[in-house]
Enquirer: 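The following block contains the structure, expressed as structure tokens.
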2 protein chains.
Amino acid sequence: MSPPDSTDVRPLYAKVRGELVERIRSGVWKPGQLIPSEFEIAAEFGVSQGTARKAISALAAERLVMRQQGRGTFVVEHTPAHVLFRFFNMFDADGELITPDSVDASATVARANASEAAALRLDAGADVVRIARVRTRRGSPFIRESIALPHQLFPDLAQTPKLPNTLYDLFQKSYGILLVRTEDRLSAAAADPDTAAALGLAAGAPLLRIERLAFGLDARPIEWRVSLCHLRAAYYLARS
Amino acid sequence: MSPPDSTDVRPLYAKVRGELVERIRSGVWKPGQLIPSEFEIAAEFGVSQGTARKAISALAAERLVMRQQGRGTFVVEHTPAHVLFRFFNMFDADGELITPDSVDASATVARANASEAAALRLDAGADVVRIARVRTRRGSPFIRESIALPHQLFPDLAQTPKLPNTLYDLFQKSYGILLVRTEDRLSAAAADPDTAAALGLAAGAPLLRIERLAFGLDARPIEWRVSLCHLRAAYYLARS
DNA sequence: CAGTGGTCTAGACCACGTG
DNA sequence: ACGTGGTCTAGACCACTGC
């Protein structure tokens with residue numbers, strides 16, 4: 001990333017943090033792996049334990065690592081359960097997190113259209129992987145969504161025979177891409193005929209529309225996703 | 001709040017933080033006021049500067065205070081601009097924060113109905129202040145919302161002649177109640193005839209429904225608000 | 001028991017804003 | 001020049017985990 005130079009005026013702990021992030025981004029430290037202790041990191045970078053601690057604490061606040069007293073610090077591992085808890089924000093009327101299933105997922109490669117290229121900041125002519133799917137809860141469809149990803153980062157994703165329900169763990173394990181931040185833009189929309197048919201509704205029914213942009217470690221947009229949701233008594237929860 | 005006792009096993013910085021929170025909650029430190037320096041707080045509580053610093057940093061992370069290098073630390077002041085930036089999450093298609101106006105606001109006092117009592121955790125028979133209003137942008141109505149507040153906390157609010165556009169600054173300045181956290185539950189709904197008329201729409205038009213619960217310093221729900229929004233190209237932004 | 005993260009101290013120097 | 005918050009150090013002890 002940015003090489004150390006004499007004009008770098010960032011605090012020491014920020015530089016150490018940057019080096020640690022790079023090790024996670026590049027895969028030197030794998031998902032779920034135990035990283036060195038505060039003292040070892042301090043010794044390696046020639047800083048005090050307090051400074052190493054501040055760098056690691058920053059990573060913990062960004063949820064790139066998990067600290068456990070007495071055990072050590074581990075690179076975050078995007079298991080399906082973790083991904084749902086962290087990135088899926090829909091709850092039932094009784095406050096229970098919804099765990100959706102995914103059916104009918106199909107992935108294709110195509111030239112990015114204008115909105116995809118703009119959302120993912122792609123060069124003209126770049127390809128995207130498109131995923132279209134319907135998600136169900138207790139057997140009945142409630143979300144229809146379409147996803148676009150830069151083809152360059154996911155070269156053989158469209159050939160994957162059976163796409164899993166949660167994608168972000170696949171992104172981390174198979175493609176080395178860790179999603180760390182999302183921006184969801186929410187609005188309401190009337191169901192178009194296709195979506196109404198897919199969700200078993202009358203055309204014109206009100207749907208929650210979620211347009212999500214997910215970002216990776218280098219702050220680049222990795223995923224663009226539009227979800228049309230028929231929530232019944234459920235809701236999307238946004239905190240603070 | 002919780003008196004110091006010998007079985008209190010919280011870390012020192014957490015106890016100091018609690019004392020500082022109490023000073024803000026009780027109004028000993030007023031909105032916008034400069035609080036003592038790290039060294040003064042450290043001396044007062046008999047801890048080191050590092051521990052006082054950690055307590056104050058926790059308050060800054062919760063956005064109860066604002067730190068400014070070279071100037072000092074100030075109790076957060078909920079000005080209208082600050083409240084919009086912090087608690088209003090709607091943006092125009094071009095990414096600009098929407099600054100709504102408020103018209104037709106009316107406040108009344110009534111016995112809490114079942115949903116109000118449940119949301120605000122009120123005792124049976126308690127009263128609420130109800131505010132109903134329509135919010136406009138550039139002259140055209142786009143949000144119809146109804147708000148419920150515990151009457152006990154806002155005894156004379158219903159007599160206030162002209163309610164301001166942003167309420168949370170009024171809550172802090174006139175009633176000493178600082179809102180620190182919100183939970184927004186979002187869904188889609190078809191416009192009922194009344195709402196459609198208020199917003200100039202056809203009945204059945206899809207609206208974004210936002211049900212907000214806002215919490216004060218003692219983690220008690222203070223405000224329950226239901227907003228029905230006709231956003232056109234605008235959206236509600238939820239980060240991470 | 002050894003090793004880890006979590007807390008706490010005492011002191012130093014720096015960067016910034018104000019008078 | 002002074003006082004503020006921001007960084008950094010070196011060392012101590014505690015609480016928890018796993019052998």
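By convention in this document, chain letters (A, B, ...) are assigned in the order of the sequence lines, proteins followed by strands, and residues within each chain are numbered from 1.
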Enquirer: What is the distance from CG of B:Leu12 to P of D:dC14, rounded to the nearest Å?
Expert: 14 Å
Enquirer: Do any side-chain nitrogens or oxygens of A:Tyr13 fall under 4.0 Å of OP1 or OP2 in D:dC8?
Expert: no
Enquirer: Using the side-chain contact (heavy atoms from CB on, under 4.5 Å) criterion, which residues pair with B:Ala118? Sequence neighbours excluded.
Expert: none
Enquirer: Which letter, B, S or -, goes with each nucleotide of nucleotides 10-19 of chain C from 5' to 3', with contact meaning a protein heavy atom under 4.0 Å?
Expert: -----BBSS-
Enquirer: Could you tell me whether the phosphate oxygens of C:dT4, OP1 or OP2, come under 4.0 Å of any side-chain nitrogen or oxygen in A:Thr73?
Expert: no
Enquirer: Whole Å only: how far is the CZ atom of B:Arg10 from the P atom of C:dG6?
Expert: 19 Å
Enquirer: Got a sec, which pairs hit ring-ring contact (aromatic ring centres under 6.0 Å, His included) with one end in residues 59-81 of chain B, sequence neighbours left out?
Expert: B:His78-B:His82, B:His78-B:Phe87
Enquirer: So, using side-chain contact (heavy atoms from CB on, under 4.5 Å) as the criterion, who are the partners of A:Arg63 when residues are at least two apart?
Expert: A:Arg86, B:Ser240
Enquirer: Nearest-Å distance, CG (A:Leu34) to P (C:dG5)?
Expert: 8 Å
Enquirer: Please check: side-chain N/O of B:Gln172 versus main-chain N/O of B:Val76, any donor-acceptor pairing under 3.5 Å?
Expert: yes
Enquirer: Measure from CD on A:Gln68 to P on D:dT17 and round the result to the nearest Å.
Expert: 9 Å
Enquirer: Which residues in residues 51-60 of chain B have at least one heavy atom lying under 4.0 Å from any atom of DNA chain C?
Expert: B:Thr51, B:Lys54
Enquirer: Identify all side-chain donor-acceptor contacts of residues 161-171 of chain A below 3.5 Å with residues at least two apart in sequence or on another chain.
Expert:
unit_1, atom_1, unit_2, atom_2, d
A:Asn165, OD1, A:Arg135, NH2, 2.9
A:Asn165, ND2, A:Pro100, O, 2.6
A:Thr166, OG1, A:Asp169, OD1, 3.1
A:Thr166, OG1, A:Asp169, OD2, 3.4
A:Tyr168, OH, A:Arg212, NH1, 3.3
A:Tyr168, OH, A:Glu223, OE1, 2.6

Enquirer: Calculate the interatomic distance between B:Lys15 atom NZ and C:dT7 atom C1'; express it in whole Å.
Expert: 12 Å
Enquirer: Between atom CZ in A:Arg17 and atom P in D:dC8, what is the gap in whole Å?
Expert: 14 Å
Enquirer: Apply ring pair (Phe, Tyr, Trp, His ring centres under 6.0 Å) to B:Phe91 and list each qualifying residue two or more places apart in sequence or on a separate chain.
Expert: none
Enquirer: Using modelled atom types and a 3.5 Å cut-off, is there a donor and acceptor pairing between side-chain atoms of A:Glu22 and backbone atoms of A:Glu19?
Expert: no
Enquirer: Picking from D:dT4, D:dC8, C:dC8, which would you name as closest to the side chain of B:Glu40?
Expert: D:dT4
Enquirer: Name all residues meeting the ring pair (Phe, Tyr, Trp, His ring centres under 6.0 Å) criterion together with A:Phe215; count only those two or more places apart in sequence or in a different chain, and write none if there are none.
Expert: none
Enquirer: Rounded to the nearest angstrom, tell me the gap between atom CD in B:Glu38 and atom C1' in C:dC8.
Expert: 15 Å
Enquirer: Scan residues 38-57 of chain A for pairs that pass ring-ring contact (aromatic ring centres under 6.0 Å, His included), counting only residues two or more places apart or in two chains.
Expert: none
